[in-house]
Amino acid sequence: MQNMVAEIERLKKEKNAVILAHFYEDGDIQDIADYVGDSFYLAKMGQKSKADVILLAGVVFMAESVKILNPSKKVLVPDLNAGCSLVNGAPFEKYKAWRELHSDAVAVTYINSSAEVKAISDVIVTSSNADQILSAIPLNRKILFGPDQHLGRFLSKKYNRPMELWPGSCEVHVLFNWKRLMELMAINPDAVVIAHPECEQEILQHAQVIGSTSRLLEEVAQNPAKKFIIATEMGIFHQMKKLRPDAELIQAPIEDGRCNCNNCPYMKMNTMEKILKALQNLSPQVNLAEGLRRQAQVSLDRMMSITNNQMVTWPDQFIYTSPN
Ligand code: 13P
Ligand code: SF4
């Protein structure tokens, strides 16, 4: 492992490469990354990067977002099969038909979506900037939210704004079981419950803090409590343990009760070996047809503008134009 880390470091210098890693990656991958963060942070760092090569240790939609925002770079992923159930559950043709059915609405789309779906959306959100994005949408506009129904439902209630929701979900976050969570809370009454908004509402209603991976990490770092029950993917525990070695961190229980061990199978496809190989071969790369990339950039740019406190305009009507 020591040799592999040294070789990755050497290749990073030789190829002028940076590694961006999501919090759900294994600890060894997070430790060799130049930047570790949530999906919004990774998109921002990827957009700003001056490196020639950007290796995204996360899932493919995250690498696509970087490519859309910073197209002149070589964007690598350790494994092109690292998908996401939200992306898989929102196929383009079906999503477009739904979008066309509500053509007067503002299409607010979670970053966990394909480039094609981003290209027919008005604005992208992540779980860390959704508050800011929603506040920027005029109150008289109808909202279409997808593909994550649980994040959408949570935001709709929080802001008292009706939304049309796409029925997608994260296969990892829906596994948490509320009955078993209540049992765990009963034996740990001193624990602070925190949850990612991709969880079902039965879980979210018990959480004292609901937020993105970075918000949950911030809570563990700042809250003086000594015990936390955490309803999100296990990878985040790596940074949490570093920041709070004194605290007891318990993952919320999942359905079948065998363990508290909820991992994203896509994030976990990435390994140190695959990262090394990708840097050696400058492959696999994420590439998009230029027409599609430009169309998808519109909704990502709107997200970036709003988060930079810039004014944006909203189209009145959705009219589909094929990028080719
Ligand atoms: P974050 O934006 O909170 O990092 O979430 C991304 C994700 O895929 C959660 O499952
Ligand atoms: Fe997708 Fe869920 Fe994995 Fe996040 S945790 S990448 S939403 S499958």
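Counting begins at 1 with the first residue of the sequence. The structure presented is a predicted model; accordingly, all values stated were derived computationally and were not measured.
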Under a 4.0 Å threshold between the charged nitrogen and the carboxylate oxygen, would D38 count as salt-bridged to R215? no
Taking the cut-offs as 6.0 angstrom to the six-membered ring centre and 45 degrees off its axis, would you call R302 and W314 a cation-pi pair? yes
Transitively linked via ILVMFWY side-chain contacts under 4.5 Å: M267 with V87? yes
Of all heavy-atom pairs between C199 and L204, which one has the smallest distance, and what is that distance? O-CD1, 3.4 Å
Main-chain N/O of M45 paired with S49 side-chain donor or acceptor, under 3.5 Å: no
Taking the side chain from T307 and the backbone from M303, do they hold a donor-acceptor pair closer than 3.5 Å? yes
Is the backbone N or O of F40 less than 3.5 Å from a side-chain atom of N129, with the two atoms forming a donor-acceptor pair by type? no
If we only count heavy atoms from C-beta on, is the V172 to P265 side-chain gap below 4.5 Å? yes
Looking at K242, I'd like to know if its NZ atom is crowded, meaning that more than 12 non-hydrogen atoms belonging to other residues, nucleotides or ligands lie closer than 6.0 Å. yes
Test: R153 and D148 ion pair at under 4.0 Å: no
Do F318 and M163 sit in the same hydrophobic cluster, where Ile, Leu, Val, Met, Phe, Trp and Tyr count as joined when their side-chain heavy atoms come under 4.5 Å apart? no
Above 12 or not: heavy atoms from other molecules or residues under 6.0 Å from NZ of K142? yes
Any side-chain to backbone donor/acceptor pair from Q251 onto N262? Under 3.5 Å, distance only. yes
Would you indicate whether N140, at its atom CG, is surrounded by more than 12 heavy atoms from other residues, nucleotides or ligands within a distance under 6.0 Å? yes
Residue Y35 excluded, over 12 heavy atoms near OH under 6.0 Å: no
Does the pair E9/K13 count as a salt bridge with the N-to-O cut at 4.0 Å? no
Between S103 (side chain) and I319 (backbone), is there a donor-acceptor pair under 3.5 Å? no
Would you mind checking if K96 and E100 are paired as a salt bridge, meaning a charged N to carboxylate O distance below 4.0 Å? yes
Answer yes when K12 and E7 have at least one side-chain N-carboxylate O distance shorter than 4.0 Å, and no when they do not. no
Is any side-chain heavy atom of S121 closer than 4.5 Å to a side-chain heavy atom of V117? yes
Any Lys/Arg nitrogen of K179 or E183 sitting under 4.0 Å from an Asp/Glu carboxylate oxygen of the other? no
Could you check if a side-chain atom of L55 sits within less than 4.5 angstrom of a side-chain atom of I275, using non-hydrogen atoms only? yes
Distance-only, no hydrogens or angles: does the K73 side chain make a donor-acceptor pair with backbone N or O of A51 under 3.5 Å? yes
When you measure from the side chain of D79 to the backbone of N270, do you find a donor-acceptor pair of N or O atoms at a distance under 3.5 Å? no
Look at K67 together with E64 and state whether they make a salt bridge at an N to O cut-off of under 4.0 Å. no
Quick one: are L282 and L76 in side-chain contact, heavy atoms under 4.5 Å? yes
Non-hydrogen atoms of A43 and V66 that approach each other most closely: CA-CG2, 4.4 Å
Between the side chains of R141 and D104, is the shortest nitrogen-to-carboxylate-oxygen separation below 4.0 Å, so that they form an ion pair? no
Please determine whether a side-chain nitrogen of the Lys or Arg among D246 and K226 lies less than 4.0 Å from a carboxylate oxygen of the Asp or Glu. yes
